Amino acid sequence: MRDIGWTALLLVNSLALVYFALLNSTSLLTSLAAYRSLRRYAQRLKTVDVLELLRSGAAQSITVVAPAYNEEATCVEATRSLLTLEYPEYEILVVNDGSKDATLERLSEAFDLAPAPRFPAADIPSKRVRGTYRSTRYPYLWVIDKENGGKADAINAGLNFVRTPLFCTIDSDSLLEPEALLRVSRPFLEDARTIAAGGIVRIVNGSTVWASRVMDVRLPRSMLARLQVLEYLRAFHSGRLGWAELNATMIISGAFGLFKRSVVVEAGGFASGTVGEDMELVVRLHRHCHENGIPYRIVYIPDPVAWTECPETVKGLRVQRDRWQRGLTEVLTRNLRLLFNPSYGSVGFLAFPYFFFLEMLGPVIEVVGYIAFAVTIFVGLASLSYVLAFLMLAILFGIALSIAVIGLEELTFRRYHRTADLARLFWLAIAENFGYRQLNSLWRIKGMISFLRGRHDWGELTRKGFATSD
Amino acid sequence: MLSGERPERELQALVARKGSRYFVNFLLRYARQLRGPQKDTVLRLAASHLDVLLVDLRARSPERRAYALKSLGALSVTSYRDQFLEALTDPSLLVAMNAAQALARNYDVSFADRLLHSLERFDGWSLRYLAAMLASMGSESVEILRQAFRDTRRSSRVRAAIAMTLTTLNDILAVQTAAQVLETESNTDLIVAALGLIDRVGGPDQLSAVRRLLSSSDPAIRARAVTALARIGSSQDVRHLQAALDDSNNWVVIHAVEGLLEMGRKDILEAVAGSDHPRALAAREVLWEGAPDA
């Protein structure tokens, strides 16, 4: 019996070792790919004259679809930011997803909305649309009022009214930088096979917003929010850019993505009843194009920026991570046929297994690994110094990768100008390994349990609104 | 200096040979924003420093080559025309596109063939992008573009981009080729672009070809045909547009209601809008667009 227990312990330890080794090697690979890609992209940017693009008439028209649910605190500011975008031809559809608060009233007062008939161009199923409104001040601003059906349902309702070749999804509490649409739409000009493109999402907490624009970029005051800044930088600069370089983008954030309307409609729109609708759509687009022999490209562009508010309380962050993990688990388990399936190219063979084993199951392996290490030391199967040495190695590797990402950010876009902010980011790269990372793993395990229990709601979200300066 | 108060040589004298690259980058910012005599001053100032960019044209990095071309394109195409023409065959599409754009903006019939020939390389680029680039060649290029549009050896997408350019340039003489395209081609992009051209400058001679496409199995073609018909059609075509209101594709319906408004048939739209017709909302929308206060 004791032998079986020891063997099991050794197995778990080995699994944890393999997990850490794989996780760090993959991160290293994607970081290297991201480094190459970022350098090239930064050089490539110099060959593009944004003003020239604006004037040339080459840009394809875009509809921005912004779903809003109980967003009375931020919806006006966020919509104003959309009105100031620099793009030759675009339309804005704010979809009020049956908000219980005064979202519709706020929008109506701020933009002088009037009822206006609008005929849908597509028939993707969605909850009933109660009314369509158009701003009398800004003719390209529409508000679709519908019954509550969740974010995916709201985007689908909006998508039905889209009449442009491209549409952009953003969260209604996100702020897009003025040139964001121009930059994110460029891949569609250069390669007609492009069906989707994502941009970077940055955290707005702590920065100063003036006239719906982020003017002074600073790190948030809250420690929890600062840790998320680092996480976002790592996720976007290393993760998404790296996977895009391998032509295996699996996620385009719901906070900011540009899609080819016709392909998304053909694929059936966003999947309602899921909390990971952004990833679900991208995975389904991969499947749709592979299965129908459609040549396609899904890309990530590192400089068009959407700013978003992140949770600053432990409860808020726990709810968010729970939701993200549920979404991830749901999407991956729905699309298991991609796992190690070479007919889906690098997505099936590289990205999907990575997300399945290292992102979805990772937190479980990690937490079980910590416990197993403790038991191993306790029963005297391994020395404390040996286990600590291993853990330190894994942590140091993680820190090195985080520092590399901060370095990439500095070398390219340099949003955080203050030396103090940079120093804080470097410090956070170390600090996050002691408590924050483990807490995150626990929340993600809870998310998996919630998924297994069949929970599908979004959880309560509270918005503070953007810190504006006069 | 730009206002002519100080002589150009004063600034030239300040620029060391080693500083040429920096100086060129500095001038580029002005070259893109200025027009007229002020721009000419900037171009003159840059002229003796541009050779530094020729080194970059041989760089390994395609982005560096592209940037060098972009800079040369903004500061002087005519003096470096050979380099631009050579860059059309650069292995990097980014470099080739930068060359093509610069040449298109400085169009000359002497290199028109080579420029148009290079278009096949950009087959995968967005049609609007290609059309915008070609349109920058200006109206002097119409004759050669028309010939290229007729040339069935060219790829369908390139011909579609050329058709879109000819539409922008309002080339009435290309209409015959557009009508032939409707009769003989099957590529959606090309047919839609040809319909766009007919819509802009066509007439009754193309009506029968357009009408035939109303029964196309491709909704994108049906929708564009409906719009073209509304522009060039006669009163007897109203029934075709009315029939399109029952099309299973909503895009075709949207084009049909817009077409009926274009033909001045508000009466039909009002009747549909006031009825329980499944397309009543489309009719109401287009009427509302015409008179939102009504």
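Order of the sequence lines fixes the chain letters, A, B, ..., with proteins taken first and strands second; residue numbering starts at 1 for each chain. Predicted model, so just to flag it, every value in this text is computed and none were measured.
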Are the side chains of A:P120 and B:L281 in touch, meaning some heavy atoms are under 4.5 Å apart?
->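 They are in side-chain contact.
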Minimum heavy-atom separation for [X] and [Y], please, with both atom names.
| X | Y | value |
| --- | --- | --- |
| A:A192 | B:R157 | CB-NH2, 3.6 Å |
| A:A122 | B:N250 | N-ND2, 4.1 Å |
| B:W251 | A:V162 | CZ2-O, 3.9 Å |
| B:R128 | A:A58 | CB-O, 3.4 Å |

Engaged part of [X] at the chain A interface, taking heavy atoms whose separation is under 4.5 Å:
| X | result |
| --- | --- |
| B:V253 | side chain |
| B:S61 | side chain |
| B:A131 | neither |
| B:R105 | side chain |

Verify the neighbour count for atom [atom1] of [X]: are there more than 12 heavy atoms of other residues, nucleotides or ligands below 6.0 Å?
| X | atom1 | result |
| --- | --- | --- |
| A:Y35 | OH | no |
| B:E86 | CD | no |
| A:R36 | CZ | no |

Quick check: does any side chain N or O of A:Q43 sit under 3.5 Å from a backbone N or O of B:E63, one acting as donor and the other as acceptor?
->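 Judged by distance alone, no pair lies under 3.5 Å.
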Heavy-atom pairs under 4.5 Å with chain A, option from B:T168, B:V257, B:L94 with the top count |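 Answer, by heavy-atom pair count under 4.5 Å with chain A: B:L94.
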Straight-line distance of [X] [atom1] to [Y] [atom2], nearest 0.5 Å:
| X | Y | atom1 | atom2 | value |
| --- | --- | --- | --- | --- |
| A:T47 | B:Q101 | OG1 | CD | 9.0 Å |
| A:K46 | B:L28 | NZ | CG | 11.5 Å |
| B:L93 | A:E190 | CG | CD | 9.5 Å |
| A:R134 | B:E285 | CZ | CD | 8.0 Å |
| B:L127 | A:L189 | CG | CG | 11.0 Å |

Heavy-atom distance under 4.5 Å to chain B: side chain of A:P115, backbone, both or neither?
->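 Just its backbone gets close to chain B.
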